[in-house]
Q: 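I'd like to ask some things about the structure below.
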Amino acid sequence: MDRIRNLQLVGDELIRLGVPVEEVAFYDSVRFREIEERYPDFIAAYARYIKSQNFTNDYLIDAEKKVEIIAGEMSKYAAEIGHRRCIDLAMAVGRMLEAVGVWNYVVLGALSVEVAGDESTRKIIHAFGEMDPGATVMGHAWICAPPFSIVDVSVAYQPWGERLEALIPRPVLAKEENGSPADIETLVDHDLLMWNLMRGVRLTVADVARSQSGLPELFRDFPPIDIVRDGIKLRYIPTAFSACAEGFSDMGADGGIPAERLWLDRVQPLLD
């Protein structure tokens, strides 16, 4: 799997494995799913493939317009229903972008928000509440859709408190890359850090990376992103990737976001 975890080699390796990389959302392909059954973190190859691409300027201009329209409308929808389930919203936005040919992937990780210049206001959604190998990543979910490194329609509706919520853009759309290195206080739950300290262990980012398969390479290829906008600072630290296993028609069947209805009734008409 070393070649799959290499930005320069991932495209050639996917082709060698028989994955139809010319198709947007090729993680839906039979071949991709077959490999993913053997390697659960194979979805990271999809993210690396997109990150490795040199998209044309015409594509990026077109994609930017579509992202702005789709993310803007879905952010309005989230506000209307008070929806805080970031993963559901990210999956829905991702499927809508794919429907109009925009390459994107879902990112999971840690997020901190603070008034710019005032660390005392910082609030955090941590990525890890445990350190066992294969630990489930909790935290926040957002989209990367070039030319945007961050497409986040749900961040403003998380329980940050009135002061922070009033400053957060709706949605957050950013092109920034390569923020400051990952920090342990944002990555790992405070109680877990304190529990380890009481045992005489001061956890580091390197400890976190070693505890999870593929995380050292992920930190290398997908560094944190720091955004400052109109008095607010947001810090995104990727730790995993995900993808929607359902098509439009199946999304929302369990009481989640009715993506197909939203697409047909609200979003698609804006793109026509």
Q: Suppose we screen for salt bridge (Lys or Arg N to Asp or Glu O under 4.0 Å). Which residues come up paired with Lys66, at least two apart in sequence or across chains?
A: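 Applying salt bridge (Lys or Arg N to Asp or Glu O under 4.0 Å) to Lys66 gives Asp62.
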Q: Got a donor-acceptor contact below 3.5 angstrom from the Trp142 side chain to the Ser154 backbone?
A: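 Here the side-chain-to-backbone pair does not exist.
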Q: Give a yes or no on whether the backbone of Gly161 and the side-chain of Glu165 come within a donor-acceptor separation of less than 3.5 Å.
A: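 Answer holds: yes.
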Q: Which of parallel (below 30°), tilted (30 to 60°) and perpendicular (above 60°) describes Trp103 and Phe55?
A: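 Rings of Trp103 and Phe55: tilted, 30 to 60°.
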Q: Could you tell me which residues satisfy salt bridge (Lys or Arg N to Asp or Glu O under 4.0 Å) with Arg266, sequence neighbours excluded, listed by chain and number?
A: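 So Arg266 forms a salt bridge (Lys or Arg N to Asp or Glu O under 4.0 Å) with Glu73, Glu80.
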Q: Could you tell me whether the side chain of Arg229 reaches within less than 4.5 Å of the side chain of Glu176, counting heavy atoms only?
A: yes
Q: Parallel, tilted or perpendicular, judged at 30° and 60°: which one describes the rings of Phe26 and Tyr49?
A: perpendicular
Q: Go through the structure and list residues passing side chain to side chain contact (heavy atoms under 4.5 Å, CB included) with Arg199, not counting sequence neighbours.
A: Trp195, Asn196, Val201
Q: Atom NE2 in His126, atom CG in Leu192: separation rounded to 0.5 Å?
A: 10.0 Å
Q: Residues two or more places apart in sequence or in another chain: which of them pass side chain to side chain donor-acceptor pair (under 3.5 Å) with Ser149?
A: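 With sequence neighbours excluded, Ser149 shows a side chain to side chain donor-acceptor pair (under 3.5 Å) to no residue whatsoever.
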Q: Under 6.0 Å between the ring centres of Tyr27 and Tyr46?
A: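 Judged by ring-centre distance (under 6.0 Å), Tyr27 and Tyr46 do meet the cut-off.
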Q: Just to verify, what does Ala156 make a side chain to side chain contact (heavy atoms under 4.5 Å, CB included) with, not counting sequence neighbours?
A: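 With sequence neighbours excluded, Ala156 shows a side chain to side chain contact (heavy atoms under 4.5 Å, CB included) to Ile168, Arg170, given in chain and number order.
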Q: Examine distances only and state if a side-chain atom of Lys123 and a backbone atom of Val113 form a donor-acceptor pair shorter than 3.5 Å.
A: no
Q: Could you work out, with side chain to side chain donor-acceptor pair (under 3.5 Å) as the rule, every residue matching Lys175, not counting sequence neighbours?
A: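 Partners of Lys175 by the side chain to side chain donor-acceptor pair (under 3.5 Å) criterion, ordered by chain and then number, come out as Glu64.
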Q: Are any non-hydrogen side-chain atoms of Asp189 and Leu193 less than 4.5 angstrom apart?
A: no
Q: Do you know which two heavy atoms are closest between Asn104 and Ala145, and how far apart they sit?
A: CB-CB, 3.7 Å
Q: My understanding is that only residues two or more places apart in sequence, or in another chain, count here; which of them pass side chain to side chain contact (heavy atoms under 4.5 Å, CB included) with Asp118?
A: Val115, Ser120, Thr121, Arg163
Q: Given the rule that I, L, V, M, F, W and Y join up when any side-chain heavy atoms are under 4.5 Å apart, are Ile69 and Leu60 in one cluster?
A: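 Yes, same cluster.
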Q: If only atom types and distance count, is the side chain of Asp265 paired as donor or acceptor with the main-chain N or O of Trp263 below 3.5 Å?
A: no
Q: Does Ile81 belong to the same Ile/Leu/Val/Met/Phe/Trp/Tyr cluster as Leu264, with side-chain heavy atoms less than 4.5 Å apart forming each link?
A: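 Looking at the clustering, Leu264 is in the same group as Ile81.
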Q: Within a strict 4.5 Å, meaning less than it, do heavy atoms of the Val107 and Ile143 side chains meet?
A: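 Side-chain contact under 4.5 Å: no.
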Q: Under the side chain to side chain contact (heavy atoms under 4.5 Å, CB included) rule, collect the residues that match up with Glu119, sequence neighbours excluded.
A: Glu114, Arg122
Q: If we only count heavy atoms from C-beta on, is the Val172 to Val151 side-chain gap below 4.5 Å?
A: no
Q: Would you say Ile124 ends up clustered with Val208 if hydrophobic residues are merged whenever their side chains have heavy atoms under 4.5 Å apart, either directly or through other cluster members?
A: no
Q: Are any non-hydrogen side-chain atoms of Met251 and Cys244 less than 4.5 angstrom apart?
A: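 Touching, per the 4.5 Å side-chain cut-off.
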Q: Heavy atoms, side chains only, cut-off 4.5 Å: are Ile257 and Leu89 in contact?
A: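 Ile257 vs Leu89: side chains touch.
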Q: By side chain to side chain donor-acceptor pair (under 3.5 Å), which residues pair with Asp221, not counting sequence neighbours?
A: Arg48
Q: Using side chain to side chain donor-acceptor pair (under 3.5 Å) as the criterion, list what pairs up with Arg235, not counting sequence neighbours.
A: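 Checked Arg235 against side chain to side chain donor-acceptor pair (under 3.5 Å); matches are Ser180, Asp183, Asp226.
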Q: What residues form a salt bridge (Lys or Arg N to Asp or Glu O under 4.0 Å) with Glu98, not counting sequence neighbours?
A: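 Applying salt bridge (Lys or Arg N to Asp or Glu O under 4.0 Å) to Glu98 gives Arg95.
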Q: Please report the C-alpha distance between Ser75 and Tyr157 in whole Å, then the side-chain angles of each, then the deciding distance to 0.1 Å, and finally whether the side chain to side chain donor-acceptor pair (under 3.5 Å) criterion is met.
A: CA-CA 9 Å; Ser75 181; Tyr157 312 114; 3.0 Å; yes
Q: Atom CD of Gln268 and atom CD of Glu260: how far apart are they, to the nearest 0.5 Å?
A: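 Going from CD on Gln268 over to CD on Glu260, the span is 10.0 Å.
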Q: State the CD1-CD1 distance between Ile237 and Ile125, to the nearest 0.5 angstrom.
A: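 One gets 12.5 Å once the value is rounded to the nearest 0.5 Å.
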Q: With a 4.5 Å limit on heavy-atom distance, are the side chains of Gln158 and Cys86 in contact?
A: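 In short, these two side chains touch, coming nearer than 4.5 Å.
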Q: Using a 4.5 Å cut-off on heavy atoms from C-beta on, say whether the side chain of Glu37 contacts that of Phe42.
A: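 No, too far: nothing below the 4.5 Å cut-off.
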Q: Among all residues two or more places apart in sequence or in another chain, which pass the salt bridge (Lys or Arg N to Asp or Glu O under 4.0 Å) test with Glu34?
A: Arg31
Q: Please report the closest heavy-atom contact between Leu218 and Pro238, naming both atoms and the distance.
A: CD2-O, 3.2 Å
Q: Apply side chain to side chain contact (heavy atoms under 4.5 Å, CB included) to residues Ile43 and Val106 and explain how you reach the verdict.
A: CA-CA 10 Å; Ile43 189 61; Val106 178; over 6 Å; no
